[in-house]
J.: 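Once you've had a glance at the structure underneath, I'll fire off some questions.
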Amino acid sequence: MTSKRNLPFNYFVFYKTGLLCYGNQNPNVSIHSKSSELPFGFFIYFQLQLRIEEDHQMKLLKEEILSKGIVLSDGVLKVDSFLNHQINPILSLEMGKEFVKRFHSEDPNTKVLTIESSGIAPAFTTALELGVELVFARKKKSLTMNDNVYTADVYSFTKQETNTITVSKDFITESDRVLIIDDFLANGQAALGLAQIVEQAGGTVSGIGIVIEKSFQPGRQVLLDAGYKVESLARIESLKNNEVRFVDETVLV
Ligand code: G4P
């Protein structure tokens, strides 16, 4: 039975149990606690539970990156075997579910927008999960497209080329709340171009979901500075020494 007198003890138990459970599941976590922090026991316990769930959900993606990703240089990761050339459909479905969870809001998303080609698979599963349509921006205007289009110039620092991306005005309107999804975030230019297109249409960008973020490049900050919510399923801190290191968001001091 819980009495008021027992509360500090319960906080302590929750706090320690939380840290223990969390530590067991996350061997890389380093944990230090002070007695003055104990009143925050419940809060920390539930925060940790949420974090454990999040980590668990994208475990499959991290495992694929670690087992099948090839580090080509300090700046480039090859993931052709499950994302950029051959596609893992189970993983893609999980990504869609995770994006929908992370961007859940009272105002429903009405469209998903991505850019051809590798963004299409995770954007498709996200749209399927949301029950809305997916639009993909074209990098080259198709034969059947007329001039009734929105365009944005996207410079790629990686490829050192500019693409004028195009979306038909028929598919994004001012009543749309649009979730943008892409496979990689490096410098943020593709996502910014997609957001510009939504804004030209008078629609609202509800957020930007990324499968693999290279956190050592400026893309995330560029998008945050522009005022967008950004969620990445895997965040890579470094590709140095031929090794993938993920951003550790879980260290408590
Ligand atoms: P940015 O949009 O964030 O500014 O990225 P950037 O222009 O630098 O990247 C251009 C292209 O290179 C994009 O693909 C992007 O997905 C890809 N890219 C960037 N860094 C990496 C990396 O480390 N690994 C892999 N595999 N791709 C990377 P794209 O030209 O649009 O190709 P696709 O979507 O047709 O496959």
Side-chain angles (χ1 to χ4, degrees), residues 61-89 91-92 95-96 99 112-127 134-142 151-167 178-199 205 207-247:
L61 172 61
K62 288 181 177 174
E63 281 169 3
E64 285 284 87
I65 293 172
L66 291 176
S67 63
K68 298 183 182 160
I70 299 168
V71 178
L72 291 185
S73 68
D74 284 0
V76 179
L77 175 69
K78 180 170 169 157
V79 285
D80 274 19
S81 59
F82 62 92
L83 186 65
N84 288 150
H85 195 14
Q86 174 172 264
I87 290 170
N88 177 335
L91 179 59
S92 297
M95 289 173 188
F99 279 132
V112 175
L113 177 64
T114 189
I115 181 166
E116 63 177 345
S117 57
S118 300
I120 293 177
F124 174 81
T125 56
T126 306
L134 157 69
V135 180
F136 66 89
R138 290 186 178 274
K139 287 183 189 154
K140 290 212 169 73
K141 215 171 144 185
S142 84
T151 61
D153 286 339
V154 173
Y155 178 70
S156 167
F157 289 96
T158 307
K159 294 185 171 176
Q160 303 211 331
E161 63 182 28
T162 300
N163 284 302
T164 301
I165 64 170
T166 310
V167 171
V178 181
L179 178 55
I180 293 171
I181 300 288
D182 207 359
D183 59 330
F184 263 93
L185 176 60
N187 295 287
Q189 299 307 299
L192 272 187
L194 293 171
Q196 276 169 25
I197 283 182
V198 175
E199 281 154 11
V205 176
I208 298 172
I210 300 292
V211 177
I212 300 177
E213 171 189 311
K214 293 191 291 180
S215 305
F216 54 88
Q217 292 189 264
R220 165 176 280 262
Q221 199 54 49
V222 165
L223 300 180
L224 293 177
D225 289 348
Y228 301 113
K229 175 180 174 176
V230 180
E231 287 285 342
S232 305
L233 304 186
R235 300 184 66 200
I236 293 178
E237 183 179 79
S238 159
L239 293 171
K240 286 192 179 136
N241 304 321
N242 237 11
E243 191 183 84
V244 178
R245 279 187 53 203
F246 294 105
V247 172

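First listed ligand is number 1; within each ligand, the first listed atom is number 1. In this text, all values refer to a predicted model and were calculated from it rather than measured experimentally. Counting from 1, the numbers follow the sequence of the chain as shown.
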J.: Nearest 0.5 angstrom please: I212 CD1 to F184 CZ, how far?
T.: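 That separation rounds to 4.0 Å.
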
J.: Is any side-chain heavy atom of V71 less than 4.5 Å from a side-chain heavy atom of V244?
T.: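 Touching, per the 4.5 Å side-chain cut-off.
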
J.: Mind checking whether G188 has an N or O less than 3.5 Å away from an N or O of ligand 1?
T.: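 Right, the criterion is met.
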
J.: Taking atom 7 (O) of ligand 1 as the point of reference, which of G219, S156, G193 owns the nearest heavy atom?
T.: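 Looking at heavy atoms only, S156 sits closest to atom 7 (O) of ligand 1.
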
J.: To the nearest 0.5 Å, tell me how far L77 CG sits from I65 CD1.
T.: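 Going from the CG atom of L77 to the CD1 atom of I65 covers 6.5 Å.
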
J.: So which heavy atom in the protein is nearest atom 29 (P) of ligand 1, and how far is it from that ligand atom?
T.: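 Sorting protein heavy atoms by distance from atom 29 (P) of ligand 1 puts K139 NZ, 3.3 Å first.
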
J.: Between A190 and ligand 1, does any nitrogen or oxygen pair lie at a separation below 3.5 Å?
T.: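 There is such a contact, yes.
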
J.: What is the closest protein heavy atom to atom 6 (P) of ligand 1, and at what distance does it sit?
T.: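 The protein heavy atom lying closest is T158 OG1, 3.4 Å.
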
J.: In Å and rounded to the nearest 0.5 Å, what is the CG to CG distance from D74 to L239?
T.: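 Output value for this atom pair is 7.5 Å.
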
J.: Checking salt bridge (charged side-chain N to carboxylate O under 4.0 Å, His left out) for the pair E213/R235: CA distance, chi angles, key distance, verdict?
T.: CA-CA 5 Å; E213 171 189 311; R235 300 184 66 200; 2.9 Å; yes

J.: So, E237 and R245, do they make that salt bridge, N to O below 4.0 Å?
T.: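 Salt bridge between E237 and R245, a charged N being under 4.0 Å from a carboxylate O: yes.
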
J.: When you measure from atom 36 (O) of ligand 1 to each heavy atom in G69, G119, S118, S73, which option holds the nearest one?
T.: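 Shortest heavy-atom distance from atom 36 (O) of ligand 1: S118.
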
J.: Which protein non-hydrogen atom lies closest to atom 35 (O) of ligand 1, naming both residue and atom, and how far is it?
T.: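 Nearest protein contact, heavy atoms only, for atom 35 (O) of ligand 1 is S117 OG, 2.9 Å.
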
J.: Applying a heavy-atom cut-off of 4.0 Å, say which part of N187 lies close to ligand 1: side chain, backbone, both or neither.
T.: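 The answer is both, backbone and side chain.
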
J.: Which atom names give the shortest non-hydrogen contact between R220 and S232, and what distance separates them?
T.: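 Smallest heavy-atom distance, with atoms named: NH2-OG, 3.7 Å.
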
J.: Which distance, rounded to the nearest 0.5 Å, do you find between the CD of Q189 and the CD1 of I115?
T.: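 Rounded to the nearest 0.5 Å, the CD-CD1 separation comes out at 11.5 Å.
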
J.: Can you tell me the protein heavy atom closest to atom 16 (O) of ligand 1 and the distance?
T.: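 Sorting protein heavy atoms by distance from atom 16 (O) of ligand 1 puts F184 CB, 3.3 Å first.
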
J.: Indicate whether atom 13 (C) of ligand 1 is within a distance of less than 4.0 angstrom of some protein heavy atom.
T.: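 Under 4.0 Å from atom 13 (C) of ligand 1, zero protein heavy atoms found.
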
J.: Taking 4.0 angstrom as the limit and counting only heavy atoms of G75, give me the atoms of ligand 1 inside it, by number and element.
T.: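 Reading through ligand 1 atom by atom, the close ones are 23 (O).
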
J.: Could you grab the distance from atom CZ of F99 to atom OG1 of T125, nearest 0.5 Å is fine?
T.: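 Those atoms lie 8.0 Å apart.
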
J.: Quick one: look up the protein heavy atom nearest atom 30 (O) of ligand 1 and list residue, atom name and how far away it is.
T.: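 Of every protein heavy atom, K159 NZ, 2.4 Å lies nearest to atom 30 (O) of ligand 1.
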
J.: Could you walk me through whether V178 and L194 satisfy the side-chain contact (heavy atoms from CB on, under 4.5 Å) test, starting with their C-alpha distance in whole Å, then the side-chain angles of each, then the deciding distance to 0.1 Å, before giving a yes or no?
T.: CA-CA 10 Å; V178 181; L194 293 171; over 6 Å; no

J.: In the protein, which heavy atom is nearest to atom 5 (O) of ligand 1, and how far is it?
T.: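 Scanning the protein heavy atoms, the shortest distance from atom 5 (O) of ligand 1 goes to A186 CB, 3.5 Å.
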
J.: Counting only nitrogen or oxygen atoms and a 3.5 angstrom limit, does V76 reach ligand 1?
T.: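 So ligand 1 has no N or O lying under 3.5 Å from an N or O of V76.
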
J.: Name the closest protein heavy atom to atom 4 (O) of ligand 1, giving the residue it belongs to and the distance to 0.1 Å.
T.: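 The closest one turns out to be Q189 N, 2.9 Å.
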
J.: Quick one: does ligand 1 sit under 4.0 Å from the side chain of V154, the backbone, both or neither, non-hydrogen atoms only?
T.: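 Looking at V154 and ligand 1, no heavy atom falls under 4.0 Å.
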
J.: Hey, what do you get for CG (L233) to CG (D183), rounding to the nearest 0.5 Å?
T.: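 One finds 11.5 Å between CG of L233 and CG of D183.
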
J.: Give me the residue, atom name and distance of the protein heavy atom closest to atom 20 (N) of ligand 1.
T.: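 Heavy-atom neighbour on the protein nearest atom 20 (N) of ligand 1: K214 NZ, 2.7 Å.
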
